[in-house]
*Asks:* 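Sharing a structure below in C-alpha cells format, with a few things to ask.
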Amino acid sequence: MRLKRKAVIIFLAFALLFPALSPAQTVNFKEIQARILEYKAWLDRLGSNGSRYWVRLDGSKRPHRLYIGEGFLQADAGEKEHFIEIFSRFLAGHPEKNMLIDIFDPATGKWIGEYGFGGFRLF
C-alpha cells in the first residue's frame, strides 16, 4: 500500500511539473521559428551587404557585442531602437524574449550603447 501511494504521488508530481505537449504548443513552436527566420532575413538585409546598420557580432562574450555601421548612425532614434530590439529577440531565439547587447563603434572599438534591462541607451 505504501508503495502504491508513493507511486501515485510521484506520478502526480510529474504530471503537474511536466504537462504533456499539446498540439497548440507545437503550432506555437512553428510560429516562433517562422518569426525568427523573418528576423534573420530582415537583419541580413540591414547587415554589411545591405543598409549597413551592423557590421559584425561578437558572441564570444556576454552580453553580445554588436558593432554598428553607418546606416545605424544615420537612422532616427525610433529606427535605431526598433533595430536593436529585433536583433535582441533574434539572438534570444524567441519573439517575446530579449538578449542583452552591448553596442560598439567598429572604427574606434569603443562601447557606445547598450540594450538590456533598462531598455535601449546610446551614450
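Remember, it's a predicted structure, so these values are computed and weren't measured experimentally.
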*Asks:* Rounded to the nearest 0.5 Å, what separates atom CD1 in I101 from atom CD1 in I68?
*Replies:* 12.5 Å
*Asks:* With sequence neighbours excluded, give me every side chain to side chain donor-acceptor pair (under 3.5 Å) pair touching residues 112-123.
*Replies:* E114-R121
*Asks:* Per the salt bridge (charged side-chain N to carboxylate O under 4.0 Å, His left out) rule, what does the pair list look like for residues 59-81, sequence neighbours excluded?
*Replies:* R52-E70
*Asks:* For a quick test of your reading: what N or O donor-acceptor pairs under 3.5 Å do the side chains of residues 32-44 make, sequence neighbours left out?
*Replies:*
{"unit_1": "K40", "atom_1": "NZ", "unit_2": "D44", "atom_2": "OD2", "d": "3.1"}

*Asks:* Testing I84, D102, L91 for side chain to side chain contact (heavy atoms under 4.5 Å, CB included) with L66, which one passes?
*Replies:* I84
*Asks:* Linking I/L/V/M/F/W/Y whenever any side-chain heavy atoms sit under 4.5 Å apart, do V55 and I112 land together?
*Replies:* no
*Asks:* Nearest 0.5 Å please: distance from the CZ atom of F87 over to the CE atom of M99.
*Replies:*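 With rounding to 0.5 Å, CZ (F87) is 11.0 Å from CE (M99).
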*Asks:* Does N98 have any side chain to side chain donor-acceptor pair (under 3.5 Å) partners at least two apart in sequence or in another chain, and if so, which?
*Replies:*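 For N98 there are no side chain to side chain donor-acceptor pair (under 3.5 Å) partners, ignoring immediate neighbours.
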*Asks:* To the nearest 0.5 Å, tell me how far F83 CZ sits from F72 CZ.
*Replies:*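 Here the interatomic distance stands at 7.0 Å.
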*Asks:* Using a side-chain heavy atom cutoff under 4.5 Å and only I, L, V, M, F, W and Y, what cluster partners does F117 have?
*Replies:* L100
*Asks:* With K110, which residues qualify under side-chain contact (heavy atoms from CB on, under 4.5 Å), at least two apart?
*Replies:* T108
*Asks:* Kindly compute the distance separating NZ (K97) from CZ (R89), expressed to the nearest 0.5 Å.
*Replies:* 12.5 Å
*Asks:* Side chain to side chain contact (heavy atoms under 4.5 Å, CB included) for F104 and D58? Distances and angles first, verdict last.
*Replies:* CA-CA 10 Å; F104 283 82; D58 180 5; over 6 Å; no
*Asks:* From the options Y67, W111, F120, select the one residue that forms a side chain to side chain contact (heavy atoms under 4.5 Å, CB included) with I103.
*Replies:* F120
